[in-house]
Number of protein chains: 2
Amino acid sequence: MSDQTTCQRDARPRRLILAGAHRQPGYCLSCGIRAQSVCSVIDDDDIARLAETAVETLVLPGRTFIEEGAPATDFYNITSGNVKLFKALPDGRRQITGFATTGHFLGLAVSDQYAFGAEAMDTVRLCRFSRARMRQLMDDFPRLERRLLAEASNELVAAQNQMLLLGRKTARERVASFLLERVREVPNPSEDVPLPMTRSDMADYLGLTIETVSRTLSWMRTERLVAIGKGHTVRITAMERLEALAAGEAA
Amino acid sequence: MSDQTTCQRDARPRRLILAGAHRQPGYCLSCGIRAQSVCSVIDDDDIARLAETAVETLVLPGRTFIEEGAPATDFYNITSGNVKLFKALPDGRRQITGFATTGHFLGLAVSDQYAFGAEAMDTVRLCRFSRARMRQLMDDFPRLERRLLAEASNELVAAQNQMLLLGRKTARERVASFLLERVREVPNPSEDVPLPMTRSDMADYLGLTIETVSRTLSWMRTERLVAIGKGHTVRITAMERLEALAAGEAA
DNA sequence: AAAAGACATTGATTCAGATCAATTCAGCCC
DNA sequence: GGGCTGAATTGATCTGAATCAATGTCTTTT
């Protein structure tokens with residue numbers, strides 16, 4: 001993380017790598033900076049062609065860096081940090097469609113407008129490509145396209161799960177599902193699960209109000225399903241029952 | 001449509017084509033039968049390698065041909081007909097995550113289980129590939145992979161819209177959004193829009209009950225927003241107002 | 001044409017979650 | 001520590017859509 005300061009265009013990296021799923025350290029495909037988790041190694045000889053159009057950006061917490069409906073000019077790869085993706089209605093109602101973190105690609109759209117907004121939840125570092133550049137990169141590196149297709153497929157599965165949640169699950173089932181989704185982010189299921197978002201974000205993600213989220217968490221505490229810790233953490237204390245609840249198997 | 005009877009493996013087609021978005025007639029990539037709407041032309045010389053592993057299947061109305069949670073062995077391309085995709089909870093609650101028709105690909109998943117079920121709404125004709133075969137096809141024909149990525153991107157956008165609908169829209173807004181989605185399927189917005197699904201399907205798609213769907217359509221009729229025709233058709237009579245309602249701009 | 005069955009509409013009532021309204025709590029900055 | 005501010009919790013009440021319950025309308029079968 002020490003050399004993860006700004007975009008080092010001139011400092012030729014040895015290998016050019018994409019931040020992403022495989023969680024091994026390497027260099028960002030676009031800007032060549034060292035990133036924490038990466039995949040899709042591309043060999044040395046390609047560097048010259050690639051290290052050109054790189055733009056690395058630092059986004060401050062709370063900043064909306066993709067505006068829903070704006071012309072979709074760029075394509076992003078998150079190098080570090082957490083992002084919430086959302087859609088909104090004119091009267092302010094909001095639906096968070098997902099959370100994205102290190103390695104995620106954003107802005108993949110066939111349309112010429114962004115279909116969603118994106119806001120930084122903490123300090124976010126990302127690499128920005130033009131869409132033309134992206135197309136070129138996909139032509140040059142079929143692995144990138146394969147990778148994007150895999151990511152899109154996974155997101156589609158997640159989206160289908162979320163549709164089931166929003167369309168058919170009760171408040172308790174929704175919160176249980178959400179907590180289990182968060183648990184999958186930590187290595188050990190019995191340790192504290194960080195919830196790096198506000199109650200308002202949870203509500204907008206789950207199609208509920210902050211009051212209902214709060215009440216439901218309180219209910220889970222009295223039912224000994226979870227222990228609510230200080231500073232936005234939760235520990236699961238009855239995994240089986242929580243899983244049954246999330247799956248809609250409750251009485 | 002005349003020669004669209006069964007899979008004609010031995011009858012060598014002149015060109016091998018993928019059913020899909022471009023809406024031009026041609027031959028199915030996998031089995032070589034003539035399909036109504038196709039794209040992604042692949043040149044003659046590839047036929048020998050391709051026409052092998054073809055399996056064409058005819059699916060009767062109401063038949064579930066992809067079972068949620070079953071091993072994801074195959075990959076499908078719909079040659080004709082309409083399909084509903086859904087997820088279900090153990091107690092029978094159901095969420096339809098989308099409708100698929102001619103040209104759609106199904107079963108694209110990184111996981112080894114199908115994330116959703118698929119049921120034929122009418123007589124459906126489809127081509128089945130093994131997943132190994134699919135991988136090979138993608139290697140041989142980069143256009144196919146490009147095409148799948150575009151389709152996945154579009155579906156992702158649709159899924160995000162649906163999440164906003166399910167999480168934050170009222171019953172009236174949901175039904176209005178649904179009708180406008182259907183209108184986009186017909187060439188002329190003022191003509192009759194077919195609704196080839198039952199009230200129950202609409203309810204399971206919109207996260208409502210059949211009663212609420214029915215009541216809402218009746219309300220729209222009395223408000224002169226739509227005219228409800230015989231045999232599952234609707235005509236929009238106040239497009240502007242319906243669009244405002246769907247967008248959540250109502251008073 | 002009548003009977004059966006599935007689908008759709010309409011009405012009465014209930015209820016889960018929203019809304020409105022106070023507190024209470026957790027950081028933070030002096 | 002003591003105020004300050006935004007977030008979270010808890011309580012009281014309301015309401016949109018669900019549920020329960022007929023009734024009506026197509027389609028298919030014989």
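From a predicted model like this one, the values you see are computed outputs, not experimental measurements.
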(request) Compute the angle between the rotation axes at the two ends of the helix from C/dA1-D/dT30 to C/dC30-D/dG1, each taken over five pairs, rounded to 10 degrees. (result)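 Axis-to-axis angle, ends of the helix: 40°.
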
(request) Test B/Asp204 against every option in B/Arg93, B/Arg199, B/Arg94 by the side-chain hydrogen bond (donor to acceptor under 3.5 Å, both in side chains) rule and name the one that passes. (result)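 The side-chain hydrogen bond (donor to acceptor under 3.5 Å, both in side chains) with B/Asp204 is passed solely by B/Arg94 among B/Arg93, B/Arg199, B/Arg94.
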
(message) Check this for me: does any side-chain nitrogen of one of A/Glu223 and A/Arg172 sit under 4.0 Å from a carboxylate oxygen of the other?
(response)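 A/Arg172 and A/Glu223: not salt-bridged.
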
(message) Any carboxylate oxygen within less than 4.0 angstrom of a Lys/Arg side-chain nitrogen, looking at B/Asp192 and B/Lys230?
(response)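 No, this pair does not count.
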
(request) Using a 4.0 Å heavy-atom cut-off, write out nucleotides 10-23 of chain C from 5' to 3' as B (base contacted by protein), S (sugar-phosphate only) or - (no contact). (result) BBB----SSBB---

(message) Using side-chain heavy atoms (C-beta onward) and a distance below 4.5 Å, is A/Met239 in contact with A/Leu180?
(response)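 Answer yes - side chains close enough.
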
(request) Rounded to the nearest angstrom, tell me the gap between atom CG in B/Leu217 and atom P in C/dT9. (result)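 These atoms are roughly 7 Å apart.
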
(request) Measure the distance from NZ on A/Lys230 to P on C/dC28 and round it to the nearest whole Å. (result)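 Taking atom P of C/dC28 as the reference, NZ of A/Lys230 is at 14 Å.
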
(request) Give a yes or no on whether the backbone of B/Arg128 and the side-chain of B/Asn77 come within a donor-acceptor separation of less than 3.5 Å. (result)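 Here the side-chain-to-backbone pair does not exist.
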
(message) Quick one: does any side-chain atom of B/Glu68 pair with a main-chain N or O of B/Ala88 as donor and acceptor, under 3.5 Å?
(response)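 Such a contact is found between B/Glu68 side chain and B/Ala88 backbone.
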
(message) Which residues pass the salt bridge (Lys or Arg N to Asp or Glu O under 4.0 Å) test with B/Glu211, not counting sequence neighbours?
(response)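 B/Glu211: no salt bridge (Lys or Arg N to Asp or Glu O under 4.0 Å) contacts found.
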
With rounding to the nearest 0.5 angstrom, report the [atom1] to [atom2] distance, [X] to [Y].
X	Y	atom1	atom2	result
B/Leu164	A/Ile96	CG	CD1	12.0 Å
B/Ile228	B/Leu195	CD1	CG	9.0 Å
B/Met197	B/Phe178	CE	CZ	4.0 Å
A/Arg215	A/Met220	CZ	CE	14.5 Å
A/Phe105	A/Tyr76	CZ	OH	14.0 Å
B/Thr123	B/Asn82	OG1	CG	10.5 Å

(request) Within residues 191-205 of chain A, find the residues that approach DNA chain D with a heavy atom at under 4.0 Å, and present them sorted by residue number. (result)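 Heavy-atom cutoff 4.0 Å gives A/Thr198, A/Arg199.
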
(request) Output the residues of residues 84-97 of chain A in contact with DNA chain D, where contact means a heavy atom of the residue under 4.0 Å from an atom of the strand; sort by number or write none. (result)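 Residues of residues 84-97 of chain A under 4.0 Å from DNA chain D: none.
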
(message) With heavy atoms of chain B within less than 4.0 Å as the criterion, where does contact along DNA chain D begin and end?
(response)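 Endpoints of the contacted stretch of DNA chain D: D/dA17 to D/dC26.
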
(request) Check the angle between the aromatic planes of B/Tyr205 and B/Phe99 and answer parallel, tilted or perpendicular using the 30° and 60° thresholds. (result)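 Ring orientation, 0 to 90° scale: tilted.
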
(request) Show your working on side chain to side chain contact (heavy atoms under 4.5 Å, CB included) between B/Val234 and B/Arg182 and close with a plain yes or no. (result) CA-CA 10 Å; B/Val234 171; B/Arg182 291 289 109 196; over 6 Å; no

